[in-house]
Amino acid sequence: MKRLALALAFALGYAAGRTDAATPRSASEPVPPAVFQSLTGAPLGAPTPTAAAQPSAPAVSVSGTPDPGTTAPPSETWMREGTIWWADASHGSAYLAIPIGPGHLVDICGPAGCLTLVSTDAGPSLERQRAGRIADLAVELWEQISGVDRRFGGTPGTWTLVP
């Protein structure tokens with residue numbers, strides 16, 4: 001009898017999991033109360049957490065630093081090192097895209113010097129960040145910090161958040 005009860009409980013749990021997996025939800029949707037209560041053992045009528053109430057932690061690599069493909073919130077010592085590329089002139093003469101988004105004062109440095117700028121956009125794309133790209137910069141500004149013409153593509157550099 002005990003085995004039958006365990007087998008039935010397993011089958012029901014498996015079926016519930018399969019049904020839930022077949023209907024994907026976005027991260028902003030709350031977990032349905034029945035699913036939440038069945039997974040946590042919370043009593044019926046217990047408040048169900050929403051996605052907004054559940055803080056998301058930034059992805060962290062083994063070394064303890066944020067994954068270069070994330071937009072983790074900045075800290076006072078936030079710094080990135082990698083390749084800086086120039087952006088198309090259509091973005092404007094003060095364009096600076098960094099992964100943590102617009103509105104951050106940063107020192108951005110290359111082989112020919114440094115500039116202190118306010119970021120205007122979020123970028124580069126995650127794929128390019130994971131490949132080592134740390135920022136996209138207006139052509140004229142890129143040429144100032146790199147010391148070469150844009151035909152050379154990317155330049156090694158860093159950016160550091162200014163507190």
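We're numbering straight along the sequence, starting at 1.
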Discussion item. Does anything in residues 151-163 form a salt bridge (Lys or Arg N to Asp or Glu O under 4.0 Å)? List the pairs, not counting sequence neighbours.
Written reply: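 As it turns out, the salt bridge (Lys or Arg N to Asp or Glu O under 4.0 Å) pairs with a partner in residues 151-163, which skip direct neighbours, are Asp149-Arg151.
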Once you round to the nearest 0.5 Å, how far does [atom1] of [X] lie from [atom2] of [Y]?
X	Y	atom1	atom2	answer
Ile84	Ile145	CD1	CD1	4.0 Å
Arg150	Asp88	CZ	CG	8.0 Å
Arg130	Ser125	CZ	OG	9.5 Å
Leu141	Ile108	CG	CD1	8.5 Å
Met79	Leu161	CE	CG	12.0 Å
Ile134	Arg80	CD1	CZ	8.5 Å

Looking only at heavy atoms, which two atoms of [X] and [Y] are closest? And how far apart?
X	Y	answer
Pro99	Trp159	CD-CZ2, 3.9 Å
Gly101	Ser119	O-OG, 2.6 Å
Trp142	Val148	CZ3-O, 3.5 Å
Tyr95	Asp121	OH-OD2, 2.9 Å
Pro124	Ala97	CD-O, 4.3 Å
Ala94	Ala138	N-CB, 4.3 Å

Using side-chain heavy atoms (C-beta onward) and a distance below 4.5 Å, is [X] in contact with [Y]?
X	Y	value
Thr83	Pro156	no
Trp85	Ser146	no
Val106	Val118	no
Asp136	Leu96	no

Item to complete: Apply the test side chain to side chain donor-acceptor pair (under 3.5 Å) to residues Asp107 and Thr160: give CA-CA distance (whole Å), side-chain angles for both, the deciding distance (0.1 Å), then the verdict.
Response: CA-CA 5 Å; Asp107 285 329; Thr160 307; over 6 Å; no
